[in-house]
Number of protein chains: 2
Amino acid sequence: MSARAPGRPAVLSRPLIVAAARWIADHDGLDAMTVRAVAQRLGTGQASLYRHIADRRELLVLLADDVAARLPLPREGLEPGEQFTGQWLDAYDYLRGHHWAARIIAEGAQVRAGGAAFADSALAVLTTASGADRGDALRAFRVLWHLMLGHLVNSHPVGHPRTHEDAGTAPGPHDEPSPAPGTQTPAPPSDAARDDFAWALPLVLAGLRRSPETR
Amino acid sequence: MSARAPGRPAVLSRPLIVAAARWIADHDGLDAMTVRAVAQRLGTGQASLYRHIADRRELLVLLADDVAARLPLPREGLEPGEQFTGQWLDAYDYLRGHHWAARIIAEGAQVRAGGAAFADSALAVLTTASGADRGDALRAFRVLWHLMLGHLVNSHPVGHPRTHEDAGTAPGPHDEPSPAPGTQTPAPPSDAARDDFAWALPLVLAGLRRSPETR
DNA sequence: ACCTGAACACCGTTCAAGT
DNA sequence: ACCTGAACACCGTTCAAGT
């Protein structure tokens with residue numbers, strides 16, 4: 001019974017569990033990614049999962065790490081400034097498609113090994129484009145990461161179940177904490193947050209270029 | 001029976017419920033702020049709360065709004081640049097003490113009316129310090145808001161129950177997604193995220209000052 | 001030795017029954 | 001008319017009982 005997944009897995013393993021959890025989070029949102037749902041998708045009992053993961057929190061960490069490992073690398077053959085902007089916008093676009101990842105981090109998980117490739121390459125691009133030393137580049141990287149995280153976190157989950165009734169709760173267009181009364185933002189195109197992020201990226205690079213005086 | 005709160009409330013009301021929820025979130029963390037716990041602290045049954053709030057999600061929105069209404073205003077008698085930096089660092093410090101607020105926003109709540117005073121004053125300061133027009137100042141405000149949110153979100157809740165075992169999960173000092181292998185950040189003083197935020201603030205202001213060419 | 005059904009202690013939410 | 005105890009349908013986690 002239960003031939004749910006295309007090709008019922010022979011044995012359980014952490015990668016299989018993470019893949020199933022990822023599928024559910026992408027399709028039905030993070031709240032639907034319950035231990036029960038993951039077990040059901042794998043055609044097994046919930047208790048069986050606990051032979052491979054300690055608890056749900058560990059599964060969330062594994063998920064965040066899995067996403068981090070797929071963060072884009074810089075594109076080849078570009079001028080350093082464009083390489084810098086491009087990689088971060090690529091990362092933004094990628095994470096926007098897995099919105100739950102930002103939420104996991106907001107709940108306290110730390111992205112660890114999985115983000116190393118992205119971090120290393122982004123640091124290299126930053127160093128090349130700015131001429132800054134490693135300490136300053138690291139600081140700029142952290143600022144950029146948090147800038148991206150903030151932009152991602154403050155927008156509605158896309159593939160989420162709740163779709164209709166929270167439009168009633170939030171009267172504004174769809175973003176901004178409180179754009180001051182009266183004149184709202186004049187109905188932004190589609191992803192105003194992405195435009196904001198793109199606007200802010202070069203500012204950090206410019207700051208890094210003249211950072212030694214600050215340090 | 002149950003004279004828990006100092007002076008048992010005569011009648012239930014939204015402000016009373018929000019105050020109780022706020023107390024619990026501040027003391028025991030957001031996860032402990034359950035409908036049951038709020039009701040118990042108010043000395044009433046859980047079902048009674050639903051006469052005043054639609055559901056837990058609405059309570060979270062009310063909490064976020066309550067925090068937003070207490071965001072600091074700019075200090076008087078300062079040079080515009082210092083006023084700008086000071087207000088945002090004050091806001092950061094305040095929200096750091098109510099870490100759950102950032103998490104609520106990360107879960108999809110929008111800060112609305114409560115943040116108006118902060119947003120209005122911050123916009124005025126931005127305009128004065130930069131000479132930018134309203135549209136550019138609004139964009140900078142959104143970027144700063146998201147920058148602050150990202151810095152707040154990517155650090156462990158402070159007053160949270162889980163304290164010991166997730167130090168085992170995250171080997172790094174306490175911040176940064178992945179500062180590249182090998183040389184870790186050299187043991188930051190106490191709040192490296194705040195230093196990063198303070199470093200980034202003037203970059204946004206500088207960008208705003210020369211923004212017309214970008215727009 | 002390995003797996004898991006069934007139970008446990010929670011949670012948000014509802015509603016019939018009380019006053 | 002207003003309030004709420006008790007129930008409902010979930011959740012993460014555990015463990016005794018199965019194979």
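- We find that CZ of Arg56(A) is positioned 10 Å from P of dC11(D), with the value rounded to whole Å.
- Remark: C1' of dG12(D) and CD1 of Ile53(A) are 10 Å apart, rounded to the nearest angstrom.
- As rounded to whole Å, 13 Å separates atom C1' of dC11(D) from atom CG of Asp31(B).
- Residue His52(A) is the one, among Arg36(A) and His52(A), whose nearest nucleotide of DNA chain C lies closer to the 5' end (criterion: closest heavy atom).
- The CD atom of Glu107(B) sits 12 Å away from the P atom of dG12(C) (whole-angstrom rounding).
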| query | Should Asp93(B) and Arg96(B) be marked as a salt bridge (Lys or Arg N to Asp or Glu O under 4.0 Å) after you check the CA-CA gap, both sets of side-chain angles, and the distance that decides it? | reply | CA-CA 5 Å; Asp93(B) 291 336; Arg96(B) 223 181 110 78; 5.9 Å; no
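- Taking a pair to require two hydrogen-bonding distances under 3.5 Å in either a Watson-Crick or a G-U wobble arrangement, dT14(C) pairs with dA6(D).
- In this structure, the nucleotide among dG12(D), dT4(C), dT4(D) sitting nearest to the side chain of Ala47(A) is dT4(C).
- The interatomic distance linking Tyr50(B) (OH) with dT14(C) (C1') rounds to 9 Å, in whole Å.
- With 3.5 Å as the limit, one finds no donor-acceptor pair spanning the side chains of Asp31(A) and Trp100(A).
- When Leu147(B), Leu149(B), Val143(B) are each tested for a side-chain contact (heavy atoms from CB on, under 4.5 Å) with Trp145(B), only one passes: Leu149(B).
- Contact annotation: Ser48(A) reaches the phosphate of dT4(C) (side-chain N/O to OP1 or OP2, under 4.0 Å).
- When the side-chain nitrogen and oxygen atoms of Thr34(A) are compared with OP1 and OP2 of dC10(D), none of them lie within a distance under 4.0 Å.
- In summary, the side chains of Asp196(B) and His151(B) do not present any donor paired with an acceptor at a separation below 3.5 Å, with no hydrogens or angles considered.
- Rounding to whole angstrom units, CD of residue Gln46(A) and P of dG12(D) are separated by 8 Å.
- The CG atom of Leu49(A) sits 14 Å away from the C1' atom of dC11(D) (whole-angstrom rounding).
- Side chain of Glu107(A) to backbone of Arg103(B): no donor-acceptor contact under 3.5 angstrom is found.
- The phosphate of dC3(D) (OP1 or OP2) has no side-chain N or O of Thr44(B) nearer than 4.0 angstrom.
- In this structure, CZ of Arg51(A) is placed 15 Å from C1' of dG5(C), rounded to the nearest angstrom.
- When both pairing distances are held under 3.5 Å, dT19(D) makes a Watson-Crick or G-U pair with dA1(C).
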